[in-house]
Amino acid sequence: MSLLICLPDSMQPRSLCSALMLLDSELKIIIGPENVQNPDEVEFAVVWNHPEGLLLNYPNLKAISSYGHGADGLLADKKLPVGIPLVRLADVTMAVWMSEYLLAVVLLKRRQLLEHAANQEFVEWGIAARHPGNQIGILGLGYLGKAAAKVFLNMGFHVSGWSRTIKQVNGVSCFFGIEGLTEMLNKTDYLINLLPLTKETYDLLNTKTLSQLKRGAYLINVGRGQTLVDEDLIPLLEEGQLSGACLDVFRTEPLPEEHPFRKHKKILVTPHNSSSTLPESVAPQILENYKRAISGTQLLNLVDLAHGY
Ligand code: GLV
């Protein structure tokens, strides 16, 4: 019986295989569906961007794991085997990297270092510059959102968070529901999107919602590109409602060369690298879920199909 790894080469499937083998040298691991000789053997699959319908080929599959925090890619497959549980990752290293990125971007903006980088011929000396506003608003209070909130709180920021259902997080002003969203946006200087992509979050960041932010607010999107309405962002930047945006995720990735986001002076674009899945860090939880799937016990980080994440 075996564990199938089906990942693009850029996600280092071999490194995941080695990290799993280090934990349990008896494991039988197959890298890539093209190397499956007997489909009956596959009991567990770890996937990212897999071909639609692929997972129907394995009659003894007991669970499928996304190789990221997001489950949207997995759920985009309209031909998933019915009744097979889906899990995703919740990883401490990914949370640390994500928090690091978010803090770096907020500090670059706050201390106006991006402007300095673009203008090295400045003439004024010794005047401390700081973008006004101290309020971070985090959309999505899951594993990554909570970790980032902690980092900003430790740095002395005020932090609010918004989630689908009511949550309590130490030191964070928590909001939920549509009214809660407006209330949180009204007081936010730095908006961070970490929401999963679902029917409810698709197009959520648009002219209406972004206009509810404090004037001159800064947007950071590290969730999914489809949550932001691209055409609405540029007018908001031009007329000053938003003072800038840092975007790591896009509707189409890689972001096309000719996309207007690439050339806009107020937009910082990064190549979906705010965080990434590190094989050695996630191998223990993948192995744990593999064992649980085989023994029929409760899986970790189950995807809730009704809510889509
Ligand atoms: C990355 O986008 C992830 O879902 O982990």
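In listed order, ligands and their atoms are each counted from 1.
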Report task. Just need the protein heavy atom nearest to atom 1 (C) of ligand 1, so name the residue and atom and give the distance. Result ->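 That would be His272 NE2, 3.7 Å.
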
Query - Top protein contact for atom 3 (C) of ligand 1, by heavy-atom distance - result: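 Here the closest protein heavy atom is His69 N, 3.5 Å.
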
Requested in this report: Would you check, one step at a time, whether the test side chain to side chain donor-acceptor pair (under 3.5 Å) holds for Gln135 with His158?
Outcome: CA-CA 5 Å; Gln135 185 74 44; His158 297 300; 5.0 Å; no

Query - Sequence-distant partners of Lys62, side-chain hydrogen bond (donor to acceptor under 3.5 Å, both in side chains), two or more places apart - result: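 Expected list: Glu43.
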
Query - Partners passing side-chain hydrogen bond (donor to acceptor under 3.5 Å, both in side chains) against Thr165 (at least two apart in sequence or in another chain) - result: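 Listed in chain order: nothing, the list is empty.
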
Report task. With heavy atoms only and a cut-off of under 4.0 Å, state how Trp48 meets ligand 1: side chain, backbone, both or neither. Result ->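 For Trp48, the contact with ligand 1 is made by the side chain alone.
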
Query raised in the report: Centres of the His131 and Tyr218 rings: under 6.0 Å?
Result: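 For His131 and Tyr218, the ring centres are not under 6.0 Å apart.
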
Query - Per-atom contacts of ligand 1 with Gly70, taking only distances under 4.0 Å to non-hydrogen atoms - result: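 Listed by number with element: 3 (C), 4 (O), 5 (O).
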
Report task. Could you tell me which atoms of ligand 1, counted from 1 in the order shown, lie closer than 4.0 angstrom to a heavy atom of Arg224? Result ->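 What qualifies from ligand 1 is 1 (C), 2 (O), 3 (C), 4 (O).
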
Query raised in the report: In Å and rounded to the nearest 0.5 Å, what is the CD1 to CD1 distance from Ile267 to Ile234?
Result: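 Nearest 0.5 Å value for the CD1-CD1 distance: 5.0 Å.
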
Requested in this report: State if Tyr309 counts as touching ligand 1 under the rule of any non-hydrogen atom under 4.0 Å.
Outcome: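 Contact absent.
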
